[in-house]
K.L.:
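First the structure, which I've put down as structure tokens, then a few questions once you've had a look.
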2 protein chains.
Amino acid sequence: MRDPLSRTFAALADPTRRAMLARLSEGEANVSDLAEPFLRDMSLPAVTKHLKVLENAGLITKGRNAQWRPCQLNGEPLREAVDWMERHRIAWEDQLDRLGAYLKTKTKGTRHGHKK
Amino acid sequence: MRDPLSRTFAALADPTRRAMLARLSEGEANVSDLAEPFLRDMSLPAVTKHLKVLENAGLITKGRNAQWRPCQLNGEPLREAVDWMERHRIAWEDQLDRLGAYLKTKTKGTRHGHKK
DNA sequence: TCTATATTAAACCAAGTTGTTAATTAAATA
DNA sequence: TATTTAATTAACAACTTGGTTTAATATAGA
């Protein structure tokens, strides 16, 4: 999981982390602010670890203000992830169309076209 | 990693799998076609496993034609992933602007605003 | 029927992930 | 200075991931 794009997608592959990013998209927040919605589900060190994953993926940056660590979103890796997807999007939609057409012709019980 | 969106992002978090999707966005391909570019790096069963991950994420569907398993892209989960990202995109760009502005004001050696 | 081809399954392993609890660090404040 | 607050570190366990090799399955074709 060494390349940046993989690290970005891996960081997004967790609902807790996505929720943290969503929260951060509304503005800066300290670790404890970010942790608050999750403290019924997990411990604070677990939160710290999730934030570390986001930080390592370059998705957030942590500042410091006394004992607080104000976190900020960094949109750039997210943009690169969207870019990767957009680069293939047209092909996917073509594929969807083709699949749709295919399903329209077949769709007669023969789930796998079992050898005729 | 139970929710669909997480499974999609996790599936995307690997360069081999992304390359397979890219290949499939050009059209249907059998397992051995998809495997071919990677057989110097990994065994065929490893490829099968990657395809299983893509299949479990709903990103591809495998048909059958004699002993071949023609794989097709399924764009829908990808669209949902893009949707998630787009839902936050504007906020990210705001955040980028804010960060840019912030960096313009600070940026004087004091890497962490060490207590004044 | 025997063989070759395409693909998957099984058993295993090393490394990484995600959580825990207990201890530590650092700064603000009484 | 002692205490509280915010956050991290360390050590550990359970599970997942991504690879391996060997064996099995299914189909086509000689």
Side-chain angles (χ1 to χ4, degrees), chain A residues 1-3 6-20 23-24 28-57 59-72 111-116, chain B residues 1-3 6-21 24 28-57 59-72 111-116:
Chain A
M1 207 88 63
R2 57 227 63 73
D3 67 294
S6 296
R7 254 182 285 123
T8 300
F9 281 126
L12 291 171
D14 182 285
T16 302
R17 291 194 293 261
R18 285 198 304 278
M20 287 170 165
R23 168 67 185 75
L24 282 174
E28 194 175 277
N30 295 321
V31 172
S32 40
D33 300 329
L34 291 167
E36 190 268 322
F38 304 108
L39 292 180
R40 255 134 214 161
D41 305 311
M42 70 184 73
S43 66
L44 190 58
V47 169
T48 297
K49 285 194 183 182
H50 279 299
L51 289 173
K52 198 92 206 124
V53 172
L54 292 172
E55 204 179 4
N56 289 338
L59 287 164
I60 66 168
T61 50
K62 248 180 270 185
R64 42 193 330 171
N65 173 16
Q67 66 264 65
W68 293 273
R69 296 296 119 92
C71 302
Q72 276 194 321
R111 293 220 312 133
H112 283 133
H114 59 128
K115 60 172 181 286
K116 69 135 182 298
Chain B
M1 206 87 64
R2 58 226 62 74
D3 68 293
S6 296
R7 253 182 285 124
T8 300
F9 281 126
L12 291 171
D14 181 285
T16 302
R17 290 193 293 261
R18 286 198 303 277
M20 288 169 165
L21 292 176
L24 283 174
E28 194 176 279
N30 295 321
V31 172
S32 40
D33 301 329
L34 290 167
E36 190 269 320
F38 304 108
L39 292 181
R40 256 135 215 160
D41 304 312
M42 70 185 72
S43 66
L44 191 58
V47 169
T48 297
K49 283 196 183 182
H50 279 300
L51 289 173
K52 199 90 204 132
V53 172
L54 292 172
E55 204 179 3
N56 288 340
L59 287 164
I60 67 169
T61 51
K62 248 179 270 186
R64 41 193 331 172
N65 173 16
Q67 66 265 65
W68 293 272
R69 296 297 119 91
C71 302
Q72 276 195 320
R111 293 221 312 133
H112 284 132
H114 59 127
K115 61 176 180 285
K116 68 138 183 298

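Quick note on labels: first sequence line is chain A, next is B, and so on, each numbered from 1.
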K.L.:
Nearest whole angstrom, please: distance from the C1' of dC15(D) to the CE of Met42(A).
P.N.:
16 Å
K.L.:
Is there a side-chain polar atom (N or O) of His50(A) under 4.0 Å from OP1 or OP2 of dG19(C)?
P.N.:
yes
K.L.:
With a 4.0 Å limit, can you tell me whether Arg17(A) has a side-chain N or O closer than that to the phosphate oxygens OP1/OP2 of dT18(C)?
P.N.:
yes
K.L.:
Can you check the Asp14(B) CG to dT17(D) C1' distance for me, whole Å?
P.N.:
10 Å
K.L.:
Side-chain donor-acceptor pairs under 3.5 Å in residues 29-48 of chain B, sequence neighbours left out?
P.N.:
from	atom 1	to	atom 2	distance (Å)
Asp33(B)	OD2	Asn30(B)	N	2.9
Ser43(B)	OG	Ala46(B)	N	3.4
Thr48(B)	OG1	Leu44(B)	O	3.3

K.L.:
Mind checking salt bridge (charged side-chain N to carboxylate O under 4.0 Å, His left out) for Arg18(B) and listing every partner two or more places apart, or none if nothing turns up?
P.N.:
Asp3(A)
K.L.:
What's the CZ-P distance between Phe9(B) and dT17(C), to the nearest Å?
P.N.:
18 Å
K.L.:
Is any side-chain N or O of Ser43(A) closer than 4.0 Å to OP1 or OP2 of dG19(C)?
P.N.:
no
K.L.:
Rounding to a whole Å, what distance do you find between Arg64(B):CZ and dA26(D):C1'?
P.N.:
8 Å
K.L.:
Can you name the side-chain hydrogen bond (donor to acceptor under 3.5 Å, both in side chains) partners of Lys49(A), sequence neighbours left out?
P.N.:
none
K.L.:
Taking side chain as C-beta onward, heavy atoms only, is Met20(A) less than 4.5 Å from Leu54(A)?
P.N.:
yes
K.L.:
Over all strands shown, is Ala46(B) touching base, sugar-phosphate only, or nothing at heavy-atom distances under 4.0 angstrom?
P.N.:
base
K.L.:
Rounded to the nearest angstrom, tell me the gap between atom CZ in Phe38(B) and atom P in dG19(D).
P.N.:
10 Å
K.L.:
Grab the CG-C1' distance between Leu39(A) and dT21(C) for me, whole Å please.
P.N.:
15 Å
K.L.:
Between the protein and nucleotides 7-10 of chain C, which nitrogen or oxygen pairs come in under 3.5 angstrom?
P.N.:
from	atom 1	to	atom 2	distance (Å)
dT7(C)	OP1	Val31(B)	N	3.3
dT7(C)	OP1	Arg69(B)	N	3.2
dT7(C)	OP2	Ser32(B)	N	2.7
dT7(C)	OP2	Ser32(B)	OG	2.5
dT8(C)	OP1	Lys62(B)	NZ	3.0
dT8(C)	OP2	Thr48(B)	OG1	3.4

K.L.:
Looking at residues at least two apart in the chain, or sitting in another chain, which of them share a side-chain hydrogen bond (donor to acceptor under 3.5 Å, both in side chains) with Arg69(A)?
P.N.:
none
K.L.:
Excluding sequence neighbours, so at least two apart, what forms side-chain contact (heavy atoms from CB on, under 4.5 Å) with Glu55(B)?
P.N.:
Lys52(B), Ile60(B), Lys62(B)
K.L.:
Rounded off to whole Å, could you give me the CG-to-P distance for the Leu54(A) and dT8(D) pair?
P.N.:
12 Å
K.L.:
Starting at CZ of Phe9(B), measure out to CG of Asp14(A) and round the result to the nearest 0.5 Å.
P.N.:
11.5 Å
K.L.:
Could you state the atom-to-atom distance from CG of Leu12(B) to C1' of dT17(D) in whole Å?
P.N.:
16 Å
